[in-house]
Amino acid sequence: MTNKISAYPAWPYVNGPLHLGHFAGTFVPNDIFVRYQRLRGNEVLSVTGSDTHGTPVTVTAEEEGRTPRAVAEEYHALVIQNLIRLGIALNLYTHTDTENHYRITQEFFLKLYRDEYIFKQSDPQLYDVDAARFLPDRYVEGECPICHYPRARGDQCENCGNLLDPLQLINPRSRFAKPGETHTLEVRETEHFYLDLPQFNKPLLDWAKAQTHWKPNVLSFTLNYLRGDGTDENPTGLKPRAITRDLEWGVPIPPEVGDYPNKRIYVWFDAVIGYYSASVEWANDFGLGDAWKKWWTVAPDVQSYQFIGKDNIVFHTVIWPALLLGYGDGKIPLPYDVPSQEFLNLEGRKFSKSAHWAVWTHDFLAAYDPDPLRYLLATNMPEYADTDFKWSEFVRRNNDELVATWGNLANRSLTFAYKNFDKRVPTPGELNADDRALIEKSERALQVVGDAINACRFREGIEHAFAVAREANGYLNQTEPWKTIKVNRERAGTSLYVVLRVIDNLKTALYPYLPFSSNDLHRQLGYTHDLAGTFETRTIAEETRDHLVLTYIPPTTNAGWKPSALRGGEALGEPKALFKKLDESVIELETAKLGKPA
RNA sequence: GCCGAGGUAGCUCAGUCGGUAGAGCAAACGGCUCAUAAUCGUUAGGUCGUGGGUCCAAGUCCCACCCUCGGCACCA
């Protein structure tokens with residue numbers, strides 16, 4: 001049975017380049033998942049894009065004296081380069097600064113407003129006269145009214161831990177003031193739109209309680225959040241939340257609800273709507289009409305997956321479902337699973353842009369190949385707990401596992417067959433019990449790996465495939481075709497044939513993880529079509545502006561998630577090493593860069 | 001402070017319903033030479049953060065504490 005499966009990596013902020021953590025948590029698991037589902041023959045839609053809005057983008061723009069749009073476009077283009085190089089096969093990678101996204105965000109806003117899920121409210125807030133802007137909580141500093149710590153933030157005092165309102169601070173200061181400057185602050189009334197989340201509290205809790213297939217931490221976190229101090233019958237976790245800001249960068253408030261030239265819909269409201277708007281855009285960009293609706297209609301064979309980092313759980317298990325409930329009136333499916341990843345650390349510390357403690361994806365991919373990185377991120381994916389990226393670990397896994405176990409298995413078998421069996425798959429004699437057992441094990445690996453990927457247990461899948469590769473190496477050492485070829489050519493050919501069948505199966509099982517090398521191997525095994533598709537960027541023109549998008553074009557022939565049918569006598573491609581060994585000096589070279597400006 | 005996650009072999013990580021601790025890599029020893037000095041076999045290696053408790057039995061349940069990290073709602 002074919003299922004309609006959609007998979008969405010979280011939208012990255014484009015206020016700077018992306019580091020490896022962004023890929024470990026969202027793009028890589030998403031890609032493993034969708035490449036598998038496509039081979040499997042399911043109908044897959046996977047879209048996302050750059051989140052161009054939000055304060056970080058405007059802050060960067062101010063610092064650099066540019067427009068937010070210019071900043072966003074620059075890093076959006078860089079993300080696209082990362083995605084191509086790392087082979088992240090999305091149907092569409094767009095961004096939120098498009099007319100399509102504006103229109104759909106406003107549709108959500110209007111629908112929710114008309115159904116009274118959104119209300120207006122006026123509140124006093126600190127206004128920085130010199131910077132001519134209202135101050136978000138964390139942009140206010142002052143003396144804590146409780147413990148008198150002098151540098152409390154507007155939302156919370158770091159010293160005593162009490163939650164604060166910025167208006168409570170004694171002698172509040174604007175953080176927009178540069179050192180030496182004093183900005184004048186006033187309390188001004190400002191009107192904002194609020195999403196009335198309490199209306200969704202009970203329906204969301206009822207829904208979430210049924211999601212027993214979620215990861216335990218995602219489920220318990222969500223339930224806890226929704227319950228608040230209340231009960232299951234009367235949960236109190238949700239409070240109204242402001243969805244507009246006094247900003248000039250972002251989606252404008254729909255004119256139907258009033259004239260607010262200096263306010264915008266705030267980023268957390270519009271970004272999640274991107275999943276929906278990007279699906280619509282995908283169909284529009286490629287002339288597919290309303291094909292996107294297949295994945296946005298409630299049906300038993302429709303499932304959606306959100307690949308996110310743990311900091312984002314609430315937005316995907318509470319906020320976004322609330323918007324869908326309000327907008328869709330029950331006709332739009334809520335996320336089926338939200339496989340949140342924990343964090344990837346770097347040499348024992350958190351990634352930090354300001355401390356220059358980061359490995360930028362574009363730097364990494366300029367120096368090293370994509371599959372070794374995908375291998376490392378897959379085998380060390382932060383599925384259950386934070387994990388650590390270490391350069392020594394990267395070199396070790398590349399040299400001692402990827403090259404030694406898998407690359408070498410392919411290489412030693414293919415070169416032997418190529419040299420000794422006339423560049424063809426050897427024609428086997430009768431298979432003995434060991435021969436059959438190994439082939440069966442590799443065929444079963446497709447099932448085991450597929451089930452693991454389908455359940456978003458990515459490490460388990462790749463580890464199983466590698467265990468079979470190790471067995472295949474052991475089989476070769478036992479059968480010793482380099483010896484038997486001297487006395488019994490058919491027996492040697494049979495061993496080689498068995499191993500080539502196993503490799504062909506493992507190539508399929510590993511394709512979601514290692515698409516580039518699996519495609520190379522596919523060719524070396526003699527196949528004349530590709531396993532992997534290609535990437536294409538396009539400039540999409542709308543009425544007032546253009547934007548750059550990326551799309552993945554699958555191969556015309558779907559090789560399928562099925563056992564090898566390799567036959568003796570078929571021509572092989574020329575064998576070539578799949579992976580490169582890395583010199584140990586890489587460790588010192590790369591580690592030395594950490595903590596220093598680029 | 002509140003909510004949550006994690007602290008298991010030298011390293012990176014698994015441990016489902018409580019029943020004599022696992023994998024990969026690294027190490028030691030042995031084998032092989034087809035292969036990117038790659039591979040294969042064997043061995044060694046842990047008082048499972050600390051202190052209590054429940055139980056015939058606890059890494060696994062309960063309590064306290066220590067360390068690291070995330071969220072705490074207008075910095076996504």
Side-chain angles (χ1 to χ4, degrees), chain A residues 10-11 13 51 53-56 59 123 125 134-139 153-157 160-163 166 175 192 194 197 216-218 220-221 224-225 227-229 237-246 266-269 271-272 308-316 318-319 342-343 345 348-350 376 379-390 392-393 396-397 399-401 403-405 407-417 419-420 459-460 463 466-467 470-478 480-483 485 492 495-496 499 575-581:
Chain A
W11 292 63
Y13 256 135
D51 183 350
H53 301 136
T55 324
V59 168
D123 287 307
Q125 199 171 357
F134 283 95
L135 293 175
D137 288 8
R138 300 221 177 174
Y139 280 82
R153 290 194 317 248
D155 59 330
Q156 181 179 27
C157 174
C160 66
N162 281 293
L163 296 179
R175 289 185 56 185
H192 279 298
Y194 284 75
L197 283 165
N217 64 328
V218 174
S220 64
F221 185 90
N224 218 299
Y225 195 90
R227 284 178 181 134
D229 299 327
L238 300 183
K239 295 183 176 51
R241 187 165 170 149
I243 56 168
T244 52
R245 294 292 185 282
D246 295 290
Y266 200 52
V267 61
W268 64 259
F269 185 89
V272 288
I308 62 165
K310 65 178 171 183
D311 53 334
N312 241 333
I313 293 174
V314 167
F315 287 93
H316 292 82
V318 175
I319 308 280
E342 305 292 303
F343 283 156
N345 290 322
R349 291 164 52 182
K350 275 193 69 173
L376 179 69
T379 51
N380 200 25
M381 191 174 281
E383 285 180 332
Y384 312 104
D386 291 357
T387 59
D388 207 17
F389 176 93
K390 292 188 179 196
S392 59
E393 187 70 2
R396 200 217 90 209
R397 285 214 188 251
N399 291 355
D400 300 336
E401 296 182 6
V403 171
T405 303
N408 187 234
L409 172 67
N411 194 233
R412 69 193 293 207
S413 317
L414 285 163
T415 51
F416 196 91
K419 284 181 193 163
N420 295 290
R459 293 211 310 221
E460 185 182 313
E463 277 160 16
F466 266 69
R470 283 191 293 274
E471 286 197 45
N473 272 320
Y475 168 90
L476 274 181
N477 284 37
Q478 272 175 8
E480 300 181 306
W482 49 91
K483 277 187 184 169
I485 194 167
S495 305
L496 258 297
V499 171
K576 189 167 170 292
L578 294 176
F579 309 104
K580 292 194 276 267
K581 239 190 132 168

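Lettering follows sequence order; numbering is per chain, from 1.
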Just call it for A/Asn380: base, sugar-phosphate, or nothing, with non-hydrogen atoms closer than 4.0 Å on any strand. sugar-phosphate
Tell me which nucleotide among B/C69, B/C11, B/C74 gets nearest to the side chain of A/Tyr194. B/C74
Sugar-phosphate, base or nothing in reach of A/Ile313, heavy atoms under 4.0 Å: nothing
Base, sugar-phosphate or nothing for A/Asp400? Non-hydrogen atoms, less than 4.0 Å. sugar-phosphate
Could you check whether A/Lys419 gets within reach of a base, just the sugar-phosphate, or nothing at all, counting any heavy atom under 4.0 Å? sugar-phosphate
Look at the side chain of A/Asn224 and decide which nucleotide, out of B/G4, B/A76, B/C34, has an atom nearest to it. B/G4
Are the ring of A/Phe416 and the six-membered base ring of B/C34 within the stacking cut-offs of under 5.5 Å and under 30°? no
Side-chain donor/acceptor of A/Asn473 to backbone N/O of A/Thr405, under 3.5 Å: yes
Quick check for you: among B/A5, B/U39, B/U36, whose closest atom lies nearest to any side-chain atom of A/Asn217? B/A5
So A/Gly237, base contact, sugar-phosphate only, or nothing? Heavy-atom distance under 4.0 Å. base
Just to be sure I understand the rule, does A/Tyr13 reach a base, reach only the sugar-phosphate, or reach nothing, if contact means heavy atoms closer than 4.0 Å? base
Identify whether any heavy atom of A/Asn399 sits under 4.0 Å from a base atom; if not, whether one sits that close to sugar-phosphate; answer base, sugar-phosphate or nothing. nothing
Expressed as a whole number of Å, how far does the P atom of B/C55 sit from that of B/C62? 16 Å
Would you classify A/Ala242 as touching base, sugar-phosphate or nothing, given that sugar-phosphate means primed atoms plus P, OP1 and OP2, and contacts are heavy atoms under 4.0 Å? nothing
B/C34 and B/U68, which share atom name C1', separated by this distance in whole Å: 48 Å
Can you find a side-chain donor-acceptor pair between A/Glu342 and A/Asn217 that sits under 3.5 Å? yes
Between B/U39 and A/Asn477, counting only base atoms on the nucleotide and side-chain atoms on the residue, is there a donor-acceptor pair under 3.5 Å? yes
Within the 4.0 Å heavy-atom criterion, would you say A/Ala410 contacts the bases, only the backbone, or no part of the nucleic acid? nothing
P atoms of B/C61 and B/A5, separation to the nearest Å: 11 Å
Any donor-acceptor pair under 3.5 Å joining the side chain of A/Tyr266 to the base of B/A76? no
Is there a donor and acceptor pair, one atom on the side chain of A/Arg245 and one on the base of B/C74, closer than 3.5 Å? yes
Indicate whether OP1 or OP2 belonging to B/U12 is found under 4.0 Å from a side-chain N or O atom of A/Lys390. yes
Watson-Crick or G-U pairs under 3.5 Å in RNA chain B, rendered as dot-bracket with [ ] for crossing pairs and | for another strand: (((((((..((((.....[..)))).((((.........)))).....(((((..]....))))))))))))....
Over all strands shown, is A/Thr387 touching base, sugar-phosphate only, or nothing at heavy-atom distances under 4.0 angstrom? sugar-phosphate
Contact class for A/Phe579 (heavy atom, under 4.0 Å): base, sugar-phosphate, or nothing? base
Counting side-chain heavy atoms from CB outward, which of B/A5, B/C69, B/G24 is closest to A/Glu401? B/G24
Interatomic distance at P, B/G70 relative to B/A27, whole Å: 35 Å
Taking B/G15 as the reference, what is the distance to B/G49 when you measure between their P atoms (whole Å, please)? 15 Å
Under 4.0 Å, counting only non-hydrogen atoms across every strand here, what does A/Phe315 touch: a base, just sugar-phosphate, or nothing? base
Touch class at under 4.0 angstrom, heavy-atom based, for A/Leu578 against every strand present: base
Say you pick atom P in B/A64 and the same atom in B/C2; how far apart are they, in whole Å? 11 Å
Could you measure between the two C1' atoms, the one in B/G4 and the one in B/U12, and give it in whole Å? 24 Å
Hey, is the side chain of A/Arg459 poking within less than 4.0 Å of OP1 or OP2 on B/C13, counting only N and O atoms? no
